[in-house]
Amino acid sequence: MSQVDEIKRLLQEAATTMKSDPKGAVAKLEAAYGIARQTGVDDDAAVVAEELARGWARRKSAAKSLYYARKATKLAPAQKATWTTLAKTCELVANRTRGEKVARRAQALYKAAAQSFKKASTMAKDPEDKHWLLELARDAASQAKPKA
């Protein structure tokens, strides 16, 4: 079995077990990420990193989720999907951030989400998709403003 086939198999297994066993699914994704990094194909590693960002978000680990979402954008900066994953991850973590002491952290995450949505909109070819991403960027930017 080639390494690409092994990555695909691990991604499929992780996808089928993500809801019932997120811990096991993340372990499979971590293995797939290791294989993808060994192959040296950044696009493959970016796809697995996106899935890891989603998996760690499901396990409620904000730091690891953000780490892998950012890693995906560094591995494949010309892919719209990596930027939307980063933006959605930032929004998710910001939504989960509650309390007056961490309000600035949530605002920074919303600002990062707005920037990521804006970056993804520059890569969109469909005008409707571009408009939708810009609208999401505006919404995130308004959330980033301090509350009165």
Side-chain angles (χ1 to χ4, degrees), residues 7-8 10-39 41-148:
I7 292 169
K8 286 180 184 177
L10 288 168
L11 283 173
Q12 288 174 341
E13 288 178 9
T16 58
T17 62
M18 186 58 77
K19 288 187 178 181
S20 61
D21 181 22
K23 186 176 182 179
V26 167
K28 289 177 184 179
L29 290 171
E30 292 278 359
Y33 184 73
I35 294 169
R37 293 299 292 164
Q38 286 177 347
T39 64
V41 180
D42 287 343
D43 287 343
D44 291 345
V47 168
V48 179
E50 286 181 70
E51 292 301 321
L52 273 165
R54 291 183 193 103
W56 280 110
R58 184 173 286 279
R59 292 204 54 210
K60 304 222 184 337
S61 176
K64 287 192 179 186
S65 181
L66 288 168
Y67 170 80
Y68 282 111
R70 182 68 180 130
K71 186 62 105 172
T73 61
K74 287 190 180 276
L75 291 169
Q79 289 184 7
K80 181 181 79 163
T82 60
W83 290 100
T84 56
T85 298
L86 177 61
K88 290 176 183 178
T89 304
C90 287
E91 276 192 326
L92 178 68
V93 173
N95 282 334
R96 289 180 181 169
T97 305
R98 302 267 187 243
E100 302 250 344
K101 291 183 180 180
V102 290
R104 289 181 48 168
R105 182 180 305 152
Q107 290 170 352
L109 286 166
Y110 279 122
K111 183 177 179 183
Q115 292 169 344
S116 298
F117 278 132
K118 193 175 281 189
K119 177 79 172 175
S121 74
T122 63
M123 297 175 194
K125 292 179 178 35
D126 181 28
E128 190 173 314
D129 190 26
K130 180 177 255 186
H131 176 73
W132 179 71
L133 287 167
L134 286 172
E135 190 174 314
L136 289 172
R138 280 190 298 273
D139 290 345
S142 70
Q143 290 283 345
K145 293 180 182 170
K147 305 288 186 226

Nearest heavy-atom contact between Arg96 and Ala57 is NH1-O, 2.9 Å
Closest non-hydrogen atom pair between Ile7 and Ala32, with its separation: CG1-O, 4.0 Å
Met123 versus Gln79, closest heavy-atom pair with distance: SD-C, 3.7 Å
Value rounded to 0.5 Å, distance of NZ in Lys118 from CG in Leu134: 7.5 Å
Rounded to the nearest 0.5 angstrom, the CD-CD distance for Gln143 and Gln107 is 10.0 Å
Taking Trp83 for the side chain and Pro77 for the main chain, is one N or O donor matched with an acceptor at less than 3.5 Å? yes
Kindly compute the distance separating CD (Glu50) from OH (Tyr68), expressed to the nearest 0.5 Å. 14.0 Å
Closest heavy-atom pair, Pro22 versus Ser20, reported as atoms and distance to 0.1 Å, is CD-C, 3.7 Å
Glu13: what forms a salt bridge (charged side-chain N to carboxylate O under 4.0 Å, His left out) with it, not counting sequence neighbours? Arg9, Lys28
Show your reasoning for whether side-chain contact (heavy atoms from CB on, under 4.5 Å) applies to Leu66 and Leu109. CA-CA 10 Å; Leu66 288 168; Leu109 286 166; 3.9 Å; yes
Between the side chain of Arg104 and the main-chain N/O of Lys101, is any donor-acceptor distance below 3.5 Å? no
side-chain contact (heavy atoms from CB on, under 4.5 Å) evaluation trace for Val48 with Leu10: CA-CA 10 Å; Val48 179; Leu10 288 168; over 6 Å; no
Main-chain N/O of Leu86 paired to Ser116 side chain as donor or acceptor, under 3.5 Å: no
Has Ser65 got a side-chain atom pairing as donor or acceptor with Ala62's backbone, closer than 3.5 angstrom? no
Between Arg54 and Glu51, is the closest basic N to carboxylate O distance under 4.0 Å? yes
Look up atom NZ in Lys125 and atom NZ in Lys130, then write down how far apart they are to the nearest 0.5 Å. 9.5 Å
Output for pair (Tyr110 OH, Asn95 CG), nearest 0.5 Å, gives 3.5 Å
Spacing of CZ belonging to Phe117 relative to SG belonging to Cys90, to within rounding of 0.5 Å: 9.0 Å
Mind listing the closest non-hydrogen atom pair of Leu29 and Leu52 along with its distance? CB-CD2, 3.5 Å
Side-chain heavy atoms of Lys80 within contact of Leu133, under 4.5 Å: yes
Would you indicate whether Arg105, at its atom CZ, is surrounded by more than 12 heavy atoms from other residues, nucleotides or ligands within a distance under 6.0 Å? no
Does Thr85 form a side-chain contact (heavy atoms from CB on, under 4.5 Å) with Thr89? I'd like the steps, not just the answer. CA-CA 6 Å; Thr85 298; Thr89 304; 4.1 Å; yes
What closest approach, in Å, do Tyr33 and Ala49 show between heavy atoms, and which atom pair accounts for it? CE1-CB, 4.0 Å
Test log, rule side-chain contact (heavy atoms from CB on, under 4.5 Å), inputs Leu75 and Arg37: CA-CA 10 Å; Leu75 291 169; Arg37 293 299 292 164; 2.7 Å; yes
